[in-house]
Structures are given as structure tokens and as C-alpha cells.
Amino acid sequence: MAAQIINGKEIAAEIRSELKEKVAALTAQGRTPGLAVVLVGDNPASQVYVRQKKKACHEIGIYSEEHRLPATITQEELLALIDRLNADPKIHGILVQLPLPDGLDENEVIERIDPKKDVDGFHPISVGRLSIGLEAFVPCTPAGVLELVKRTGTAISGKKVVVLGRSNIVGKPAARLFLQENATVTICHSRTQNIEEECRQADILIVAVGRPKLVKKDWVKPGAVVIDVGINRVDGQIVGDVDFDEVKEVAGAITPVPGGVGPMTIAMLMKNTVGAVDVDH
Ligand code: NAD
């Protein structure tokens, strides 16, 4: 039986419309959520993401500010901007679009963000809080992955989850999040041996490696839920890390690329920004 196609675009639109109501209520109390997006340099993919984030803010009624800076900016100037945004009461969330150009220290910039405004969930305090099970800003892409799995109606507790990729942005926080949901979690990466065999054990397979169509049909247990985080540009087209046409024949449910995890990432950023208005951690 062919897999259920998980429509991230539709689910993200539902989430945005729920948020719109919340934002209207907050605005009526004079507490409109505000997001500052900092973009350094002219990375084309980053420019697309920033534009999408701005559009989503506008649709939902979130106040947004865009700070575009040249790649020649100094570390000190960038830190000074973060300090100003930290102190600005209109701004509840600060997002620095990564990667930063060479020569700038990403970790230092992230650590400078007030953890109460860390809507990307990359600050070591947010990472630590998530790791020990405290309330925390959860990185947007893994949060979107979890939401998509939940919406398939799949029970997560006790299930075997395999995460392919161990980046700080996707793989590691995804693993922490599913552990929090009481799954049995395995993380695979470029040095993992017998990776196909590991993947075949998964009830839920999360793929975030940045290798076009790496995951084939025989890597997937029949009926598994497959979430493809990958965004790869190949011959002018966007393809995922999973060979969708093949894998949909065996999976129980699968996300397409585009239209799966991508729109969810932005919806979760909006959710984190709205939540930041009342944050007490
Ligand atoms: P990354 O390059 O930081 O990390 C890739 C990880 O994959 C590494 O841990 C590496 O060990 C592992 N890896 C590489 N080759 C492998 C292989 N052959 N087998 C097993 N593991 C391998 O990437 P990232 O930032 O985590 O992003 C991963 C993918 O997800 C990229 O395509 C990126 O564009 C995409 N992405 C999508 C969204 C979204 O909103 N949908 C958000 C972030 C990243």
C-alpha cells in the first residue's frame, strides 16, 4: 500500500491560522509579539529564508524587523546590534540567520542573545534546558518534525526512532526531542557502520544529512514514518535526502520535499516568537 503523504504545507497553514488568533488577542492587550531577523552577507539561500520568515510574520500579525548587514561587519559591531535588540522591549525574539560569513564567530554571537529571546533555540542555555527536560525554546526544524509525526497519529513512546545526521541545528536536537517523548533513539552519521541496517530498525526515520536521495527503499522498514529534512538543489530542482518515489512504496507515511518539513520550520519559528511574549525561562 502506498504511503500517506504528510502535507507539511497544509499543517503549517493551520498552525499559522491558530497563531493569528493568539496574536490578535495579544495585540488587543498591547503586547504584539516582535521578531528581529539579522542577516549578514548575501548568501542566496539565507535571503530566501529571511523573506519567507518576514512574510509569515506579516500574515500572522507579528511585528518584524530585518537587519541586513554587509559581510564586512566586525564581530564587535554585530555583538553591539545583538545588545541593542536584547534591550528593545518591542522585540521578543532574535534570530541570526546562519551560516555567518567567514571571520565571524557564530558561537559567540548566539551566546550573546538573551536566552529569553532565543527563538531559534540554539543558545547553550536553551540546549541545556531541553537536554534536562526543562521548558525551553526548541529549535524550529526538529520541533516541526515532531509536530508532523504527531499529526500522523503515530504513538511515539517506546518506538524506535533513528535520526540520520548529528548537526546542532537538526540531528542532535531532534534526537533529544524524541527521547523526551520516550522513544528509543539512535543517531547515525557519516561514520556509522551498517547504516542501512540501523535505518531498517526504525519505526520513525528522520533524515537530515544534506545528501540528495541518499535513503533508498531497502533502508526503510515497511510501514515506517519517514521524515525528510533535506533540502538539496539539484539541476535547478529541490530534492530531499530520501528517494521519495522509491520510499513512498514501502513507508507508512512520508513527507515530500518541498512541502514537508520546510513550511513547518517557519510555522514553529512563529510559534516560538508568540510564546516568547510570555516566556518565564
Ligand atoms: P549538516 O551538514 O550540518 O549536518 C549533516 C549531518 O549529516 C552530519 O552530522 C553528518 O555526519 C551527516 N552525514 C553526512 N553525510 C552522511 C552520510 N552519507 N550518511 C550518514 N550521515 C551523513 O546539515 P544540517 O544543517 O543538519 O542539514 C541537513 C539537511 O537538512 C540539509 O539538506 C539542509 O539544507 C536541510 N535543512 C532543512 C531545514 C528545513 O527547514 N527543512 C532546516 C535545516 C536544514
Side-chain angles (χ1 to χ4, degrees), residues 6-9 11-13 15-16 37 43-56 95-100 106-107 110 119-122 127 137-149 161-178 185-202 205-216 218-220 226-235 237-244 247 254-272:
I6 306 168
N7 190 336
K9 210 170 154 184
I11 297 169
I15 293 171
R16 290 200 305 274
V37 178
N43 179 318
S46 293
Q47 293 189 19
V48 172
Y49 297 142
V50 166
R51 213 177 308 133
Q52 289 170 341
K53 288 166 187 177
K54 206 167 133 185
K55 190 171 154 228
L95 179 151
V96 178
Q97 188 66 45
L98 302 179
L100 289 176
E106 239 167 56
N107 287 331
I110 291 170
V119 286
D120 247 347
F122 296 155
V127 177
F137 285 115
V138 176
C140 306
T141 301
V145 168
L146 178 61
E147 188 67 30
L148 288 178
V149 172
V161 171
V162 173
V163 180
L164 228 60
R166 57 170 163 184
S167 70
N168 289 331
I169 292 178
V170 190
K172 280 189 220 154
R176 287 188 198 105
L177 211 50
F178 279 85
V185 180
T186 302
I187 306 179
C188 296
H189 46 79
S190 51
R191 308 284 175 88
T192 299
Q193 295 180 356
N194 303 323
I195 200 162
E196 302 178 28
E197 216 166 284
E198 294 289 347
C199 290
R200 263 197 303 274
Q201 308 296 315
L205 179 61
I206 299 161
V207 189
V209 291
R211 300 276 179 275
K213 299 189 182 181
L214 175 75
V215 173
K216 303 289 180 193
D218 54 353
W219 294 40
V220 176
V226 179
I227 307 289
D228 187 355
V229 181
I231 300 178
N232 308 289
R233 285 168 181 81
V234 179
D235 300 331
Q237 277 201 318
I238 304 276
V239 298
D241 292 342
V242 174
D243 193 328
F244 180 83
V247 173
I254 185 169
T255 56
V257 177
V261 176
M264 290 299 287
T265 296
I266 295 181
M268 298 325 262
L269 171 67
M270 298 297 114
K271 192 172 172 200
N272 281 352

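All heavy atoms count here, side chains included; hydrogens, waters and symmetry mates do not. All residue numbers in this chain count up from 1 along the given sequence. Ligands are counted one by one from 1 in listed order, and the atoms in each one are counted from 1 as well. Since the structure is predicted, the reported quantities are computational estimates derived from the model, not experimental observations.
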In the structure I gave you, are the side-chain heavy atoms of I206 and L164 within less than 4.5 Å of one another anywhere?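 They are not in side-chain contact.
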Can you report which non-hydrogen protein atom sits closest to [atom], along with the distance?
| atom | result |
| --- | --- |
| atom 17 (C) of ligand 1 | L214 CD2, 4.0 Å |
| atom 13 (N) of ligand 1 | V209 CG1, 3.7 Å |
| atom 37 (C) of ligand 1 | V229 O, 3.1 Å |

Just by distance, do the side chain of N43 and the backbone of S46 share a donor-acceptor pair under 3.5 Å?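 The answer is yes, because a donor-acceptor pair under 3.5 Å joins these two groups.
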Quick one: does any side-chain atom of D120 pair with a main-chain N or O of F122 as donor and acceptor, under 3.5 Å?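 Not confirmed, D120 side chain does not pair with F122 backbone.
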Any heavy atom of A208 sitting closer than 4.0 Å to ligand 1?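 Yes, A208 has heavy atoms under 4.0 Å from ligand 1.
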Tell me whether L164 reaches ligand 1 (any heavy atom closer than 4.0 angstrom to a ligand atom).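 L164 does not count as a contact of ligand 1 under the 4.0 Å cut-off.
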Please identify which atoms of ligand 1 are closer than 4.0 Å to at least one heavy atom of [X].
| X | answer |
| --- | --- |
| N232 | 32 (O) |
| V170 | 26 (O), 43 (C), 44 (C) |
| T265 | 39 (C), 40 (O) |
| I195 | 19 (N), 20 (C) |
| G262 | 40 (O), 41 (N) |
| G210 | 28 (C), 29 (C), 31 (C), 32 (O) |

If you look at every heavy atom in [X] and [Y], which pair is closest and at what distance?
| X | Y | answer |
| --- | --- | --- |
| N272 | C140 | ND2-SG, 3.9 Å |
| I6 | P256 | O-CD, 3.1 Å |
| R16 | A56 | CD-CB, 4.4 Å |
| V229 | A208 | CB-CB, 3.8 Å |

Identify whether the distance between the nearest side-chain nitrogen and carboxylate oxygen of K216 and D243 falls below 4.0 Å.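 Yes, this pair counts.
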Roughly how far, to the nearest 0.5 Å, is CD of E197 from OG1 of T192?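 Rounded to the nearest 0.5 Å, the OG1-CD separation comes to 12.5 Å.
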CD1 of I11 to OG1 of T255: how many Å apart, nearest 0.5 Å?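 Rounded to the nearest 0.5 Å, the CD1-OG1 separation comes out at 10.0 Å.
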Just heavy atoms, cut-off under 4.0 Å: does T141 contact ligand 1 by side chain, backbone, both, or neither?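 Side chain only.
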Polar proximity ligand 1 side, I231 side, N/O cut 3.5 Å exclusive: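 Between I231 and ligand 1 (N or O atoms, distance only) the closest approach is under 3.5 Å.
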Under 3.5 Å between some N or O of ligand 1 and some N or O of R166?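 N/O-N/O distance under 3.5 Å: yes.
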From the candidates R211, Q52, R191, the one that places a heavy atom nearest atom 15 (N) of ligand 1: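 It is R211 whose heavy atom sits nearest to atom 15 (N) of ligand 1.
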Which of these, G260, S167, A174, has its nearest heavy atom closest to atom 25 (O) of ligand 1?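 Minimum heavy-atom distance to atom 25 (O) of ligand 1 goes to S167.
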Considering only protein heavy atoms, determine whether one is less than 4.0 Å from atom 2 (O) of ligand 1.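 Under 4.0 Å from atom 2 (O) of ligand 1, zero protein heavy atoms found.
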Assess whether atom NZ of K53 is packed by more than 12 heavy atoms of other residues, nucleotides or ligands within 6.0 Å.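 Count over threshold, so yes.
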